Amino acid sequence: MSATVAFQVASPHGPQSVSVDYARAGSGEPLLLLHGIGHHRQVWDPVVDILAAERDVISVDLPGFGTSPGLPEGLSYDLATTTAVFGAFCEAMDLERPHVAGNSLGGLIALELGREKLARSVTALSPAGFWSEAERRYAFGVLLAMRQISRRLPLPLVERLSRSAAGRTVLTSTIYARPGRRSPDAVVAETLALAGATGFDQTLGAGRSVRFTDDIPGIPVTVAWGSRDRLLVRRQGVRAKQIIPRARLVRLPGCGHCPMNDDPALVARVILDGSR
């Protein structure tokens with residue numbers, strides 16, 4: 001079931017109202033799911049039912065992505081503000097230190113929520129922020145190209161491409177190792193989500209100087225990386241382990257940058273094991 005929640009976030013100009021769209025399923029300890037830049041909450045659909053058997057799963061659209069409206073004037077899309085937004089979201093939803101799992105940008109936000117002691121555990125799937133400058137420039141260049149392509153392709157062409165495994169590979173092989181497994185409807189929806197993401201440019205701009213450099217003591221942290229991640233190369237996982245030495249570093253064989261669709265059972269197990 002999808003819904004919207006509105007709440008106040010502090011800004012230099014006083015409290016600002018922010019709205020976030022989310023879906024909720026299952027029961028148990030709360031588990032917040034955060035997607036990456038240009039995506040939407042439906043990227044988690046392949047694992048939600050598995051997770052919902054043991055967790056109260058809340059998947060959200062980040063501000064300016066999916067169906068969540070952008071941030072109001074006076075709030076930037078930087079990491080500190082986004083972390084504050086989700087701290088306020090959890091308070092509004094009466095989620096006291098949920099488990100948090102995130103992918104890419106969402107993984108970075110999850111780690112920051114853990115560092116700020118707003119999460120009881122963190123599972124980060126190919127998180128941003130552990131790149132070298134050359135790796136960051138490469139990833140941002142790929143993301144910008146994907147965004148431009150999504151905005152230029154006519155919808156009938158996207159729909160036609162999505163009907164074949166080869167066409168889905170053309171559209172999504174940058175982020176999925178097994179793009180043929182993604183459903184046609186999902187490929188169309190996420191192509192439209194990337195094209196229409198109002199927060200994309202500002203979020204990408206805010207990420208140019210981001211590095212995650214702090215340990216996260218006191219809570220379980222899992223960092224998982226697809227062996228076939230073509231966007232954020234897997235050696236960044238080794239850097240994450242060096243920065244967060246008590247983290248569990250997990251290899252996801254045969255998975256790409258968004259591993260939830262490549263191997264749902266494995267990814268769900270990694271998240272559940274990391275949130276005990």
Side-chain angles (χ1 to χ4, degrees), residues 20 22-36 41 43-60 62 79-80 82-130 212-226 232 234 236-252 255 257-260 263-276:
V20 168
Y22 67 94
R24 195 166 191 170
S27 60
E29 293 185 348
L31 169 63
L32 179 64
L33 301 179
L34 304 173
H35 64 76
R41 66 179 183 269
V43 72
W44 294 100
D45 284 354
V47 298
V48 164
D49 287 347
I50 307 172
L51 297 173
E54 300 185 39
R55 299 284 184 272
D56 173 15
V57 180
I58 305 100
S59 54
V60 302
L62 272 60
L79 183 59
T82 306
T83 303
V85 164
F86 282 104
F89 171 85
C90 290
E91 189 173 339
M93 296 286 292
D94 200 25
L95 303 174
E96 186 176 354
R97 295 185 70 229
H99 302 287
V100 185
N103 173 224
S104 196
L105 169 63
L108 172 63
I109 297 167
L111 290 167
E112 188 68 10
L113 287 167
R115 193 183 70 81
E116 292 287 338
K117 305 189 186 310
L118 296 172
R120 69 181 78 177
S121 76
V122 171
T123 302
L125 309 174
S126 294
F130 297 99
F212 196 89
T213 58
D214 293 334
D215 192 10
I216 306 177
I219 65 169
V221 175
T222 300
V223 176
W225 230 281
L232 299 179
R234 63 186 183 186
Q236 295 173 38
V238 177
R239 293 191 198 118
K241 174 69 173 173
Q242 292 168 345
I243 291 166
I244 312 168
R246 285 178 292 274
R248 181 177 64 129
L249 180 60
V250 179
R251 181 174 178 268
L252 304 175
C255 290
H257 183 63
C258 298
M260 300 81 84
D263 195 336
L266 173 61
V267 171
R269 179 49 50 200
V270 167
I271 293 172
L272 290 171
D273 287 347
S275 60
R276 298 294 178 198

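Just so you know, these numbers come straight off a predicted model, no measurement behind them. Numbers here are sequence positions counted from 1. Note that these values count all heavy atoms, side chains included, but never hydrogens, waters or copies made by symmetry.
- Of the possible donor and acceptor atoms, one in the side chain of Arg55 sits under 3.5 Å from a partner among the backbone N and O of Ser275.
- The shortest distance between side-chain heavy atoms of Thr83 and Glu116 falls below 4.5 Å.
- Looking only at side-chain heavy atoms (C-beta outward), Val221 and Thr123 stay at 4.5 Å or farther from each other.
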Show your reasoning for whether side-chain contact (heavy atoms from CB on, under 4.5 Å) applies to Asp56 and Ser27. CA-CA 4 Å; Asp56 173 15; Ser27 60; 5.5 Å; no
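- Nearest heavy atoms, Gly226 versus Arg234: O-CB, 4.1 Å.
- Of the inter-residue distances, the one linking Ile244 atom CD1 with Asp214 atom CG reads 9.0 Å to the nearest 0.5 angstrom.
- A donor-acceptor pair under 3.5 Å is absent between the side-chain atoms of Lys241 and the main chain of Arg248, judged by distance alone.
- Within the 4.5 Å cutoff, the side chain of Leu33 has heavy atoms near those of the Leu51 side chain.
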Contacts table for residues 90-98: side-chain donor-acceptor under 3.5 angstrom, sequence neighbours left out:
{"unit_1": "Arg97", "atom_1": "NE", "unit_2": "Lys117", "atom_2": "O", "d": "3.4"}
{"unit_1": "Arg97", "atom_1": "NH2", "unit_2": "Ala119", "atom_2": "O", "d": "2.9"}

Please assess Asn103 against Met260 for the test side-chain contact (heavy atoms from CB on, under 4.5 Å), listing each intermediate value before the final yes or no. CA-CA 9 Å; Asn103 173 224; Met260 300 81 84; 3.8 Å; yes
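- A salt bridge is absent between Asp215 and Arg115: the closest approach of a Lys/Arg side-chain nitrogen to an acidic carboxylate oxygen does not fall below 4.0 angstrom.
- Between Leu252 and Pro259 there is a side-chain heavy-atom pair separated by less than 4.5 Å.
- For the pair His35 (side chain) and Gly106 (backbone), a donor-acceptor distance under 3.5 Å is absent.
- To the nearest 0.5 Å, atoms NE2 (His99) and CG (Leu31) are separated by 7.5 Å.
- Of all non-hydrogen atoms in Val43 and Cys258, the two that sit nearest each other are CG2-CB, 4.5 Å.
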Between Phe86 and Val60, is a side-chain contact (heavy atoms from CB on, under 4.5 Å) present by the stated rule, with each step listed? CA-CA 10 Å; Phe86 282 104; Val60 302; 3.5 Å; yes
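- Of all heavy-atom pairs spanning Gly87 and Leu118, the tightest one is CA-CD1, 4.1 Å.
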Listed pairs under 3.5 Å, donor-acceptor, residues 264-271 side chains, sequence neighbours left out:
{"unit_1": "Arg269", "atom_1": "NH1", "unit_2": "Asp273", "atom_2": "OD1", "d": "3.4"}

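- Across Pro30 and Ile58, no two heavy atoms sit closer than the pair CB-CD1, 4.3 Å.
- Shown here for Gly36 and Ser104, the closest heavy-atom pair between the two residues is CA-CB, 4.1 Å.
- Ring-plane geometry between Phe212 and Phe130 is classed as tilted, the angle between the planes lying from 30 to 60 degrees on a 0 to 90 degree scale.
- The shortest distance between side-chain heavy atoms of Val57 and Trp44 does not fall below 4.5 Å.
- Across all their heavy atoms, Ala110 and Leu34 have their closest contact at N-CD1, 4.1 Å.
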Before giving the answer on side-chain contact (heavy atoms from CB on, under 4.5 Å), spell out for Leu125 and Thr222 the whole-Å C-alpha distance, their side-chain angles and the decisive distance to 0.1 Å. CA-CA 8 Å; Leu125 309 174; Thr222 300; over 6 Å; no
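- Without hydrogens or angle criteria, Trp225 side chain to Leu232 main chain gives a donor-acceptor distance under 3.5 Å.
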Quick one: do Glu29 and Arg276 satisfy salt bridge (charged side-chain N to carboxylate O under 4.0 Å, His left out)? Show the steps, please. CA-CA 9 Å; Glu29 293 185 348; Arg276 298 294 178 198; over 6 Å; no
